[in-house]
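Comments concern the structure below.
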Amino acid sequence: MRLLAALSGGVDSAVAAALAVEAGHDVTAVHLALSTAPATLRTGSRGCCSKEDARDAGRVADVLGLPFYVWDLAARFRAEVVDDFVAEYAAGRTPNPCLRCNEKIKFAAVLDRALALGFDAVVTGHHARLADGVLRRSVDRAKDQSYVLAVLTPAQLAGTVLPLGGLTKAQVRAHAAERGLGVADKPDSSDVCFIADGDTAGFLRSRLGAQPGPVVDALTGAVVGRHDGAYAFTVGQRRGLSLTTPAADGRPRYVLGLEPVSSTVTVGPREALEVEEVRAQRPRALTALDLPLSCEVQLQAHGRPHPCTVAADGDGWRISLASRVTRPAAGQAAVLYDGDRVLGSATVSG
Amino acid sequence: MAYLDHAASTPMLPEAVETVTAAVTAALSAAGNASSLHTAGRHARRVVEESRERLAAAVGARPSEVVFTGSGTESDNLAVKGIWWSRRDADPRRTRILASAVEHHAVLDAAQWLADHEGATVEWLEVDGQGRVHPDVLREAVERDPSDVALVSVMWANNEVGTVQPVRRLADVCHEFGIPMHSDAVQAVGQLHVDVAASGVDALTLTGHKFGGPLGVGALVLGREVSCTPLLHGGGQERDVRSGTLDTPAVAGLAVAAALAVERQPVLHARLSALRDELVRRVSEAVPGVVLNGVPVPSPDRLPGNAHFSFPDCEGDSLLLLLDARGVEVSTGSACSAGVARPSHVLLAMGADEDLARSSLRFSLGHTSTAADVDALVEVLPSVVERARRAVLR
């Protein structure tokens, strides 16, 4: 096959490209320039946006003997991922930008362009298994990224090659070292790549401005603190609430809800966060789902699966959980699994 | 393979390779620093000074006017910053830089840096739809206040679209007001007749790898009466304007290449012009709707090896990738450090919109180009363009 390898400059995409070459494919490499003002050097462990990462990607291509190009997708990334990220927070939800980037950039803009240019598929370094249109978790459960790929359509998956799903991260690093790839020891990227210092609240403040409002106790209705912007909070958050009035029972309080119009943050005890049911919109099934369906659902990128029953709920899903779970923030993905196999996903609405 | 990117770098001339090789080989037995006073040093110095004379003769300058540097970029920076500092120091009112809007980044960014850090004001001289600075535009800008202009910088010929500037007439305007003029002639030497004295420019940039010399060596031809503050301080090896031990083999290779390239320039010009005109004709036939940017051909006002097209509804990146995969090597313009193709400031200054600017490719011919290169391009181009049109992101 003619494959287009997306090289981030990290170890995973490097080894994915190497394995594709060794499998006999005709591979061309691209690095996606996603930042309109890339930093010269990488900061901390964040990968994929600096010129240093672009250079690392280019060096991987050199070592593997691949043609290498940089594709400037910064404008699209800003519009589809960064602006969406800000708008979602402004609306009181907690988006997953990696998932959005996969859905709108890597497996949309890049894949479309690759197919149009005559490539058969895009190869990436995501940790998940993909064969015959079936998406499964990586054998390395701790590094599994099937959750952020579950949003892809069957057509998108048909144009995708994921060589790393059968390898642990340690094996990936060993492969890189054996092949003389300089990125073998590069730290894993983490957090949000376009927020260089990791200060999400500060980033949102710079984009949305201060929107001060009250922190209200859900049980008593009393104002127990003030905040500079509800967007800085996520449902389930406990730290950083700076409450001026302690709870009557002295127990910690958690963010229960965000009301962007009145800029109100509601807090309460942990039990109030627990739910038996989750609603989700914009469902995407990777296989025909016979609802109601008993399966498992994962509600966070690094969460664990929960046994559940999924029923139709208008255009969306009503997910009934076998036991109470911490309520997921609106905007997160609810991904359905049958064992290791991804069945589909939808966006948590409440 | 068809290499159509001579404007980025052209193959070295065999004679230049021999010269560099001989000089490097000589270093096995004698380590000559051209600044040393002993025999080995004198030998290296002799090589450097003979090279200086040879280069000066090739471009119509005096030996004392040749300042060897490490690159065209260094020469441009030295001219723009060095002359600006010197002029400003002599008269603090002189802070204004007039430069064309289509300069290479080595001039653009050097001038912008002076504006951002040193209190310079920069005026970008507008160009016409073919990328040309009209002497009247320069005159109008100067006459607004001749006393505050530190220098003028207008390139000899544009690296992207190949437009040749009316350098002599621009220099005349400058001299009427006693203002020094710099010209980046990186693309011109070897392709056009370049005579520094006849052109009237006070400072001229050239670099070896554009005319068959080695990479990593260039020169600033700096008029004897032009004062220039150094960028690099140290031993003052080059007229106290540029410090650093010279790369003797590279300097020798540069001079040999310059002498040969200039000697062969009239013949090369005729041959490349004809080949380029053929390329333009065949590309225009093969790809309906293609737009030739810059000066229409045939014309003496265009670099003979340059053809620059916009392919409407395509992205230059896609065209480059597809051509590269088919063995045809071209450029989308000047690449930036991360390898990201930005819409060309040259085309934007000429009035193109961003989409058109992003849809362009430069084909540049040089001394090794043949009709087979044009054949190879024209053979694959129609299918490449068709595919690239499908790959435009919507």
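Remember, it's a predicted structure, so these values are computed and weren't measured experimentally.
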Which one, Ala108(A), Gly118(A), Pro67(A), Gly58(A), leads in non-hydrogen pairs under 4.5 Å with chain B? Gly118(A)
The interface call for Leu73(A) against chain B, heavy-atom contacts under 4.5 Å, is side chain
Asp324(B) and Tyr69(A) side chains, donor-acceptor separation under 3.5 Å: yes
Salt bridge (Lys or Arg N to Asp or Glu O under 4.0 Å) with Asp83(A): which of Arg76(A), Arg100(A), Arg207(A)? Arg207(A)
Under a 3.5 Å cutoff, is there a donor and acceptor pairing between the side chains of Ser383(B) and Glu386(B)? no
Interchain contact, Leu321(B) with chain A, by part (heavy-atom threshold 4.5 Å): both
Nearest-0.5 Å distance that lies between atom CG in Leu303(B) and atom NE2 in His308(B): 12.0 Å
